[in-house]
There are 2 protein chains.
Amino acid sequence: MVSEQIVERPLVSITNVIFSFDTVTKQLLVLLLQRSQAPFMGAWGLPTTTLRSNESADAAALRLVKEKLGVHLTSNQTEQLGTFTNVGRVPGQRTLALTYMVYLPVKPALIPGAGARAVRWFAVTPRTDRDDLVAGDLSFTGLTDDVSAADFYQRERGTTQLAADHALIVKTALQRVRNRLNYAPTILRVLGVSFTLKRARELYALLERRSVSQIDNSNFRKTHGHLFEQVGFVRGNGSGRPARVYRLKD
Amino acid sequence: MVSEQIVERPLVSITNVIFSFDTVTKQLLVLLLQRSQAPFMGAWGLPTTTLRSNESADAAALRLVKEKLGVHLTSNQTEQLGTFTNVGRVPGQRTLALTYMVYLPVKPALIPGAGARAVRWFAVTPRTDRDDLVAGDLSFTGLTDDVSAADFYQRERGTTQLAADHALIVKTALQRVRNRLNYAPTILRVLGVSFTLKRARELYALLERRSVSQIDNSNFRKTHGHLFEQVGFVRGNGSGRPARVYRLKD
DNA sequence: ACCTTAAAGGTATAAAATACCTAAAACAAA
DNA sequence: TTTGTTTTAGGTATTTTATACCTTTAAGGT
């Protein structure tokens with residue numbers, strides 16, 4: 001456990017892929033901020049902090065959300081994604097990234113804090129062969145689907161790309177989210193603690209790169225119904241019968 | 001990325017769950033060693049080393065295998081499992097564990113190295129509600145299936161248990177291995193670069209807690225055949241038609 | 001020649017997923 | 001009260017996939 005040989009200890013950072021949902025435009029969002037410090041000054045990247053001696057990585061991920069967005073979350077709204085340790089991933093000090101996925105049940109107002117020139121929600125925009133992150137005039141190609149992690153670090157990366165290996169981290173996150181859709185769709189937490197099946201189908205459609213109409217209401221209940229449980233009714237949200245409200249089981 | 005605030009940096013360790021297979025007894029094995037140093041002196045635990053400044057965590061996991069077993073592996077025989085960061089997981093210095101799963105295609109002879117009083121292969125022994133690790137007179141209860149990670153650190157742990165949170169790590173590894181059986185059964189690498197479908201079914205039976213006869217040969221080909229590709233024939237290994245040899249696709 | 005074991009194919013049934021449909025419920029607005 | 005809208009909640013028919021079970025052949029051993 002504790003090998004007493006002297007090694008220079010790396011800096012341990014926590015990096016979050018924070019997901020939210022825009023109920024108006026029906027877009028899945030990821031939070032990026034524009035760095036105002038070296039390294040990667042001016043570049044857009046994922047929110048990051050440094051692990052403190054008295055907190056677990058999970059706690060640090062929650063603290064990071066609190067600091068950047070003022071939102072207090074509990075641990076079932078985060079999931080460990082992976083640890084990125086490539087030696088050259090950040091210039092200067094050796095830095096490890098312990099990464100987490102965070103599902104925000106609200107879409108809070110954004111105020112650039114310390115270390116950030118700007119902060120924005122980027123819409124996850126699935127293309128046929130990749131995902132893009134789009135916010136108005138700004139756009140990042142998450143990563144082409146078929147590029148392996150090993151290849152990623154070999155590539156030249158331009159100034160119009162995300163800081164460090166954050167494109168790889170986002171790609172990994174989306175992969176994980178898609179894998180889980182059929183047995184543990186925790187991404188649905190971005191819809192709030194409870195949600196209608198309509199909304200759930202919209203999110204599935206987006207991530208599975210198909211249109212909402214391609215996901216049959218009746219069949220969706222049959223195949224995914226066991227993942228949800230009912231909590232009550234919604235207030236009439238317009239015309240038509242109000243949709244029933246569900247939450248994730250377990 | 002680099003927050004310049006002064007924090008005490010944790011020790012970053014690499015911990016491996018090394019799997020192998022005994023072709024005679026048809027047992028899935030995990031390597032444990034008995035520690036000869038504090039902390040947890042005398043306790044059995046997973047092989048661990050400290051991350052060096054000039055290597056990635058993946059490289060360190062491979063180095064650890066080389067140091068403990070003298071076997072040189074390449075990166076497609078390891079997979080990141082997760083990072084364990086609970087503040088109290090190790091007494092003394094704050095220590096993070098970056099954990100990997102390693103699939104050994106051979107079962108090398110064991111020599112206790114530095115820091116170890118003994119080293120042994122433990123058979124993964126599935127029970128109805130848990131898995132045990134068994135080596136002759138020694139036995140450890142991996143962990144009861146229904147104990148969550150959060151609960152794990154709350155519990156009192158006796159001296160007859162694995163060091164630190166290694167029981168939790170092993171449990172997590174077995175969970176992962178089982179999840180992947182139907183789409184990416186990398187655990188089959190313990191059978192070597194190539195293997196017969198008979199052997200594959202034996203390993204599936206073990207992990208799915210059923211008998212080999214319950215897994216129909218013909219059906220197994222139909223449902224899992226797409227995961228394998230043929231490489232040739234084996235030499236006659238006894239009586240009967242020699243089994244064809246396959247390897248994992250992709 | 002005979003035994004053994006895996007390969008390689010088959011069929012019949014069961015279970016799951018999908019396409020498509022109907023009727024009722026619950027509201028808003030005319 | 002009637003009409004329109006949208007979801008609920010159920011249905012059936014078809015297709016696909018998984019499972020149980022069986023037969024024949026291949027390729028070795030003795």
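Side chains included, hydrogens not; waters and symmetry mates left out as well; all remaining heavy atoms used. Chain naming here is simple, since letters A, B, ... match the order of the sequence lines and numbering starts at 1 in each.
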### Message
In whole Å, I'd like the distance from the CZ atom of B:Phe220 to the C1' atom of C:dA7.
### Response
15 Å
### Task
Taking only Lys NZ, Arg NE, NH1 and NH2, and the carboxylate oxygens of Asp or Glu, determine whether A:Glu79 and A:Arg180 approach each other closer than 4.0 Å.
yes
### Query
Could you give the CZ-to-P distance, from B:Arg221 to C:dG10, as a whole number of Å?
13 Å
### Letter per nucleotide, 5' to 3', of nucleotides 17-26 of chain D [B base touched, S only sugar-phosphate touched, - untouched; heavy atoms, 4.0 Å]
-SBBB---BB
### Query
If you measure from the Lys or Arg side-chain nitrogens to the Asp or Glu carboxylate oxygens, is any gap between B:Arg178 and B:Asp131 under 4.0 Å?
yes
#### Entry: Residues B:Asp165, B:Arg155: salt bridge by 4.0 Å N-O rule
no
### Task
Take atom CG of B:Leu197 and atom P of C:dT5, then tell me their distance rounded to the nearest Å.
17 Å
### Message
Any non-hydrogen side-chain atom of B:Lys68 less than 4.5 Å from a side-chain atom of B:Leu64?
### Response
yes
### Task
Measure from CG on A:Asn182 to C1' on C:dA16 and round the result to the nearest Å.
13 Å
### Query
Between B:Lys26 and B:Glu202, does at least one N-O distance fall below 4.0 Å, as a salt bridge requires?
yes
### Task
Round to a whole Å and report the spacing from CZ of A:Arg199 to C1' of D:dT8.
17 Å
### Task
Nearest whole angstrom, please: distance from the C1' of C:dA7 to the NZ of B:Lys198.
13 Å
#### Entry: Note: B:Arg120-B:Asp137 ion pair, threshold 4.0 Å (strictly below)
yes
### Query
Would B:Asp22 and B:Lys107 pass as an ion pair if we require N to O under 4.0 Å?
yes
### Summary
Its dot-bracket string being built from Watson-Crick and G-U pairs below 3.5 Å, with | for another strand and [ ] for crossing, DNA chain C has the pattern ||||||||||||||||||||||||||||||
### Message
What is the distance, to the nearest angstrom, from the CG atom on A:Asn217 to the P atom on C:dA17?
### Response
17 Å
### Pair B:Phe122 + B:Phe140: ring centers closer than 6.0 Å
yes
### Query
Salt-bridged, B:Asp129 to B:Arg127, with N to O below 4.0 Å?
no
### Message
Can you measure A:Tyr183 atom OH to C:dA17 atom P for me and round it to whole angstrom units?
### Response
16 Å
